Amino acid sequence: MEIYLDNCSTTKPREEVINVMIEALQNDYGNPSSLHRLGLNAEKKIEDSRHKIADFLKVSPEEIYFTSGATESNNLAIKSILDKYSRKGKHIITTAIEHPSVMNVIKNFQEKGYSVTYLKVDSNGVISLDELASSIRPDTVLVSIMQVNNEVGSIQPTWKVKNIIKEKKSEAVLHVDGVQAFGKIPIRIKDWGIDAFSFSGHKIHGPKGIGGLYINKDLKLNPVIYGGNQERGFRSGTENVPGIIGLGKAVEIMSNNFEEERDHVRNLKLYFMDRLKEIEKIRINSPDEYSSPYILNVSFEYVRGEVLLHYLENKGIYVSTTSACSSKGTKKSHVLQELGLTDLQVEGAIRFCLSYEITKEDIDYTIDVLKDSVEEIRQVTMR
């Protein structure tokens with residue numbers, strides 16, 4: 001038996017996605033910049049995918065740019081925004097629980113002389129809008145806030161952020177890391193005043209190595225990567241045609257199944273949380289409200305997360321202890337520390353990430369294995 005509960009790290013590509021990518025590799029191998037029929041066919045399929053994504057996000061196709069993935073999308077957005085508006089100021093506002101692909105690029109700018117305000121979060125991992133308002137300064141040029149936290153699933157109230165920026169008479173640009181939100185919760189990019197929005201293919205049962213970035217067409221940002229002027233000159237480089245086609249197919253399926261799959265996963269998460277009550281000395285770190293239905297973070301006290309991970313793996317259950325992009329490091333989760341967890345709770349944290357493929361029977365099996373594994377580990381650690 002194999003139960004994959006690490007869908008925040010990456011997802012299994014849908015069969016339909018794999019099939020269109022194989023077809024693209026076999027038949028759509030022309031360079032989209034070429035003028036002959038093979039090139040034009042590849043270009044047309046790229047634009048078809050661009051339109052599918054734009055339709056899903058309810059934005060214009062010319063506001064969608066393809067990248068190599070979420071890390072590039074976040075870096076591209078932040079670097080190009082700061083490059084464009086550096087003369088207006090050098091103050092950045094972000095949160096203390098951002099993904100490394102945002103946190104580290106902002107730290108790099110901090111080392112270059114930028115001033116950064118890291119908004120604190122409460123025990124649910126949610127920022128204070130009052131602190132945000134009081135942090136905005138005349139020289140604030142960028143506010144970068146993740147929509148859904150990748151470790152605990154907390155949802156930030158970004159729908160209120162742009163109004164606060166305007167109330168403070170600031171022209172700061174709003175960038176949102178939407179990687180764990182894209183296809184998982186409703187997003188209203190235009191209504192919420194989001195200026196830049198990053199997303200990834202392999203988080204929505206699409207391929208790895210492909211991502212996207214929405215940029216409001218009014219921004220007129222400068223490129224960071226120069227070359228042959230692909231992606232309307234903003235992100236040069238020969239396009240990943242099979243990846244873009246696969247991403248388009250994943251978004252098409254996701255768009256058709258969005259509510260059904262979200263409701264299925266939400267019910268599974270509630271059932272999972274209820275059955276977890278059978279295990280003593282645990283803490284559910286994902287908030288009850290304003291939380292992604294796809295993410296459930298739990299601390300098992302007196303159990304080291306990485307030890308429990310391997311116990312579960314031996315029984316065919318795959319989970320993670322923290323963000324996959326930083327899990328091989330030696331530092332403890334900065335997200336869980338910011339939530340106020342004790343060292344014992346941070347060390348015993350496991351992240352379960354659900355998908356449409358998971359069943360109630362999978363949860364029952366996982367709970368049974370968890371109960372036995374936790375008990376066995378605690379017989380050693382609690383002596």
Side-chain angles (χ1 to χ4, degrees), residues 5-6 8-9 94-100 102-104 107 117-128 130-131 145-146 148-156 180 269-270 272-313 317-354 366-367 369-383:
L5 293 171
D6 195 20
C8 295
S9 300
T94 188
T95 81
I97 60 169
E98 292 297 310
H99 186 273
V102 169
M103 186 74 77
N104 288 338
K107 285 182 178 178
T117 297
Y118 296 95
L119 302 175
K120 297 181 176 63
V121 294
D122 60 19
S123 59
N124 288 322
V126 179
I127 63 169
S128 162
D130 289 337
E131 184 188 6
I145 297 176
M146 70 189 329
V148 172
N149 182 263
N150 56 298
E151 290 193 38
V152 297
S154 52
I155 299 174
Q156 301 298 346
Q180 296 294 347
K269 180 178 176 180
L270 292 172
F272 199 169
M273 292 171 67
D274 188 59
R275 287 223 56 195
L276 279 167
K277 296 175 184 176
E278 300 171 24
I279 304 176
E280 296 180 348
K281 296 182 177 64
I282 69 167
R283 183 188 192 276
I284 294 179
N285 303 319
S286 299
D288 292 336
E289 297 182 15
Y290 298 112
S291 175
S292 168
Y294 288 81
I295 303 176
L296 180 59
N297 192 299
V298 184
S299 289
F300 300 86
E301 295 184 5
Y302 304 101
V303 174
R304 292 191 67 86
E306 60 268 29
V307 174
L308 180 55
L309 180 151
H310 292 302
Y311 266 74
L312 297 177
E313 180 185 11
I317 301 169
Y318 299 93
V319 299
S320 66
T321 55
T322 182
S323 165
C325 297
S326 58
S327 60
K328 292 184 179 180
T330 57
K331 294 183 178 180
K332 296 177 181 177
S333 164
H334 71 287
V335 174
L336 298 182
Q337 289 178 318
E338 290 293 335
L339 264 62
L341 271 65
T342 65
D343 287 345
L344 199 65
Q345 292 166 336
V346 173
E347 291 170 357
I350 290 289
R351 183 182 65 175
F352 304 93
C353 293
L354 305 168
T366 299
I367 289 292
V369 173
L370 270 172
K371 288 162 71 174
D372 292 341
S373 301
V374 169
E375 181 180 356
E376 185 174 339
I377 295 170
R378 283 176 176 168
Q379 284 177 354
V380 175
T381 60
M382 294 181 66
R383 283 179 178 174

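These values consider heavy atoms only, across backbone and side chains, with no hydrogens, waters or symmetry-generated copies. Note that the structure is a prediction, hence the values are computed from the model and not measured.
- The shortest side-chain heavy-atom distance between V121 and V126 does not fall under the 4.5 Å cut-off.
- Taking NZ of K371 as the start and CD of E280 as the end, the distance is 11.0 Å to the nearest 0.5 Å.
- Judged purely by distance below 3.5 Å, without hydrogens or angles, the side chains of R351 and S9 pair a donor atom with an acceptor atom.
- E313 and H310 share a donor-acceptor pair across their side chains, judged by distance under 3.5 Å alone.
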*Verdict with supporting geometry, E347 and K332, salt bridge (charged side-chain N to carboxylate O under 4.0 Å, His left out)*: CA-CA 7 Å; E347 291 170 357; K332 296 177 181 177; 3.5 Å; yes
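- To the nearest 0.5 Å, atoms CG (N285) and CD1 (I350) are separated by 11.0 Å.
- A donor-acceptor contact closer than 3.5 angstrom links the side chains of E151 and S333.
- The shortest side-chain heavy-atom distance between D6 and V319 does not fall under the 4.5 Å cut-off.
- Residues Y118 and T95 fail the side-chain proximity criterion, which asks for heavy atoms closer than 4.5 Å.
- Residues satisfying the ring-ring contact (aromatic ring centres under 6.0 Å, His included) criterion with F300, sequence neighbours excluded, are absent altogether.
- Contact check for I367 versus L276: side-chain heavy atoms found under the 4.5 Å cut-off.
- The shortest side-chain heavy-atom distance between N124 and Y290 does not fall under the 4.5 Å cut-off.
- Contact of the E376 side chain with the D372 side chain is not registered, since no non-hydrogen atoms from C-beta on lie closer than 4.5 Å.
- With salt bridges taken as basic N to acidic carboxylate O contacts below 4.0 Å, one links E278 and R275.
- Counted by atom type alone, S291 and K269 present one or more donor-acceptor pairs between their side chains at under 3.5 Å.
- More than 12 heavy-atom neighbours from other residues, nucleotides or ligands sit within 6.0 angstrom of OH on Y311.
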